[in-house]
J.: 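Shown below is the structure under consideration.
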Amino acid sequence: MANDNKKPACTRRELEETNFLIRHVNYKKQPVSVIIFAFEESTYAYINNCMHMHRPLNCQQDAIFDETGKYLRCSMHGFVFEPKTGECQSPVCFGQCLQALRLEEIDGTLYFAEKHLTLSD
Ligand code: FES
């Protein structure tokens, strides 16, 4: 059972009904948006900030995956990322990673398991 310190992100059911969700939180005292998605049975959350030019992955279109569904893709210039690690696979930023946020699932609800994260009002 969740206690008062848990920071709910979404429910598993919400994720099953969409390709991704966006949540706005404070991380290390900065307001950020977060992408949350399910991929190959697991769930992932990353700060929605492409390291190339610091744009949200969905800045140009309402999508965060490429046409194959195997890679995350920034819609600004098309850089792609491994969904499981957030590692960029495109030459300019190869090896750099999106900032991952840990999730914990309890009874069908996903919670942010990050000490330096607070929910936005
Ligand atoms: S800002 Fe993401 S690929 Fe350029």
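All ligand and atom numbering here is 1-based and tracks the order in the structure.
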J.: For L101 versus I47, what's the shortest heavy-atom pair and its separation?
T.: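 In terms of heavy atoms, the two residues are closest at CD1-CG1, 4.0 Å.
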J.: H77: which N/O/S atom is nearest atom 4 (Fe) of ligand 1?
T.: ND1
J.: Of the backbone and side-chain N, O or S atoms of C50, does one lie nearer to atom 4 (Fe) of ligand 1 than 2.8 Å?
T.: no
J.: With a 4.0 Å heavy-atom cut-off (strictly under), which part of M76 contacts ligand 1: side chain, backbone, both or neither?
T.: side chain
J.: Is it true that R23 and E14 have a side-chain N and a carboxylate O under 4.0 angstrom from each other?
T.: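 A salt bridge links R23 with E14.
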J.: Which of the numbered atoms in ligand 1 are below 4.0 angstrom from a heavy atom of C74?
T.: 1 (S), 2 (Fe), 3 (S)
J.: Within the 4.0 Å heavy-atom shell around F79, which atoms of ligand 1 are there?
T.: 3 (S)
J.: With salt bridge (charged side-chain N to carboxylate O under 4.0 Å, His left out) as the test, would you mind laying out the steps for E82 and K70 before giving the verdict?
T.: CA-CA 8 Å; E82 285 280 355; K70 294 180 179 172; over 6 Å; no
J.: Considering only NZ, NE, NH1 and NH2 on the basic side and carboxylate oxygens on the acidic side, decide whether E114 and K7 come within less than 4.0 Å.
T.: no
J.: In H52, which N, O or S atom comes closest to atom 4 (Fe) of ligand 1?
T.: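 The atom in question is ND1.
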J.: Give me the ring orientation class for F65 and F37: parallel if the planes are under 30° apart, tilted from 30 to 60°, perpendicular past 60°.
T.: perpendicular
